[in-house]
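We're numbering straight along the sequence, starting at 1.
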Amino acid sequence: SELGRIPKGWEVKRLENFVEVLSKGTTPRMKDVEGLERKIPFLKVKDINSDGEININGLELIPEETHLKDLKRSILFENDLLFSIAGTIGRVSIVTEKLNNSNCNQALAFIRLKEREKFKAIIYYWLKSDDVQNKIQNSIVQGVQANVSLTVLKELELIEPWNEILIDFANKVNPILELVLKNQKENQNLTQFRDTLLP
């Protein structure tokens, strides 16, 4: 195949074949948020660390009116995958239950999969792999700010195994991934308690 030798019956496909939506956010104009109550979490690359953990305690907020009107195209849902495409490029994360109905700026691409439970874990770890990260680094466009286009993301190639293997992988790995996310949430809660109690 294009990616080397693979088992018979496996296929090479582009990421765009697995997604329902692959897009990016935007930054609202100052005049659209001035004087309005801010309560919707607004994610930026700086909120995601190198391990993919989102610092939910330090997120900027935007008004609900702006979120539902001007930024409705980039409303995030639980289990969307995030990939940083500007600034610090290549960070990968997952939108958790607490960040369902949040939003993001243009430096973050969000990937909404067609079959989330079957593909979430395998595509999440594939995006974090050295192979993908190297391809992304080689596709960076230098401008005012280094960036990677959504087209580059959509055209990334991955190997799709037989359906039985995908399901078996998902059944084994999804619970582990959920535990990782649960531990991250617990760590952040404990950090918040510590920062509240110590003063």
Side-chain angles (χ1 to χ4, degrees), residues 1-25 43-55 76 79-96 99 104-143 145-185 187:
S1 77
E2 308 92 294
L3 300 180
R5 292 171 62 84
I6 59 174
K8 189 175 180 180
W10 293 23
E11 295 182 72
V12 174
K13 292 185 177 180
R14 291 180 172 182
L15 178 58
E16 62 186 345
N17 296 129
F18 299 93
V19 303
E20 180 182 311
V21 181
L22 197 162
S23 190
K24 63 179 180 179
L43 279 67
K44 300 179 178 181
V45 176
K46 68 177 180 62
D47 302 314
I48 303 174
N49 69 19
S50 56
D51 293 326
E53 183 177 352
I54 300 172
N55 178 19
L76 301 175
N79 289 322
D80 283 351
L81 302 178
L82 299 175
F83 193 97
S84 60
I85 56 172
T88 305
I89 295 169
R91 292 194 173 175
V92 185
S93 190
I94 297 177
V95 176
T96 58
L99 290 173
C104 65
N105 74 356
Q106 65 277 7
L108 287 173
F110 61 94
I111 301 163
R112 189 165 301 142
L113 299 169
K114 293 175 184 174
E115 297 179 79
R116 296 178 198 177
E117 287 308 304
K118 186 161 77 171
F119 290 108
K120 179 176 69 173
I122 197 167
I123 290 183
Y124 171 75
Y125 286 112
W126 168 72
L127 288 170
K128 291 170 72 77
S129 70
D130 289 343
D131 184 46
V132 168
Q133 290 291 323
N134 289 336
K135 286 178 183 175
I136 290 295
Q137 292 302 317
N138 291 331
S139 303
I140 291 175
V141 175
Q142 297 295 340
Q145 186 181 41
N147 67 89
V148 170
S149 71
L150 293 179
T151 302
V152 168
L153 267 188
K154 290 177 182 178
E155 293 180 352
L156 286 172
E157 292 180 326
L158 70 153
I159 299 167
E160 182 184 16
W162 298 310
N163 193 55
E164 311 87 76
I165 293 178
L166 278 171
I167 293 171
D168 194 36
F169 182 87
N171 288 340
K172 287 181 169 66
V173 179
N174 281 352
I176 298 171
L177 185 54
E178 292 304 319
L179 184 60
V180 169
L181 297 174
K182 182 181 176 183
N183 286 343
Q184 288 179 355
K185 179 181 176 182
N187 285 341

#### Entry: Crowding at NZ, Lys182 (>12 non-hydrogen neighbours, <6.0 Å)
no
### Task
Please test Asn79 against Glu117 for side chain to side chain contact (heavy atoms under 4.5 Å, CB included), starting from the C-alpha separation and ending with a verdict.
CA-CA 9 Å; Asn79 289 322; Glu117 287 308 304; 4.1 Å; yes
### Query
Okay, side chain of Glu160, backbone of Trp10: is any donor-acceptor separation there less than 3.5 Å?
no
## Note on the structure
Closest heavy-atom pair, Ala86 versus Gln145, reported as atoms and distance to 0.1 Å, is CB-OE1, 3.7 Å
### Pairwise distance OH(Tyr124) to NZ(Lys120) - rounded to 0.5 angstrom
10.5 Å
### Task
Decide yes or no on side chain to side chain contact (heavy atoms under 4.5 Å, CB included) for Ile122 and Leu158, but give the supporting numbers first.
CA-CA 10 Å; Ile122 197 167; Leu158 70 153; 5.7 Å; no
### Query
Between Leu113 and Lys118, is a side chain to side chain contact (heavy atoms under 4.5 Å, CB included) present by the stated rule, with each step listed?
CA-CA 9 Å; Leu113 299 169; Lys118 186 161 77 171; over 6 Å; no
### Ile89 CD1 to Ile136 CD1 distance, which is reported to the nearest 0.5 Å
8.5 Å
### Glu20 side, atom CD; Asp80 side, atom CG - distance, nearest 0.5 Å
9.0 Å
### Message
Using the rule given for side chain to side chain contact (heavy atoms under 4.5 Å, CB included), can you reason through Leu22 versus Ile111, listing the C-alpha separation, both sets of side-chain angles and the distance that settles it, and then say yes or no?
### Response
CA-CA 5 Å; Leu22 197 162; Ile111 301 163; 4.0 Å; yes
### Message
Once rounded to the nearest 0.5 Å, what's the spacing between atom CG of Asn105 and atom NZ of Lys24?
### Response
10.0 Å
### Task
Using modelled atom types only, decide if a donor and an acceptor are shared between the side chain of Asn183 and the backbone of Val180 within a distance under 3.5 Å.
no
### Query
Below 4.0 angstrom, N of the basic side chain to O of the carboxylate: do Lys135 and Glu155 qualify?
no
### Message
Other residues, nucleotides and ligands only: do more than 12 of their heavy atoms fall within 6.0 Å of NZ on Lys128?
### Response
yes
#### Entry: Interatomic spacing from CG in Leu156 to OG in Ser139 - rounded to 0.5 Å
7.5 Å
### Query
If only atom types and distance count, is the side chain of Ser84 paired as donor or acceptor with the main-chain N or O of Gly90 below 3.5 Å?
yes
### Query
Measuring from Trp162:CH2 to Ile167:CD1, what's the distance to the nearest 0.5 Å?
14.0 Å
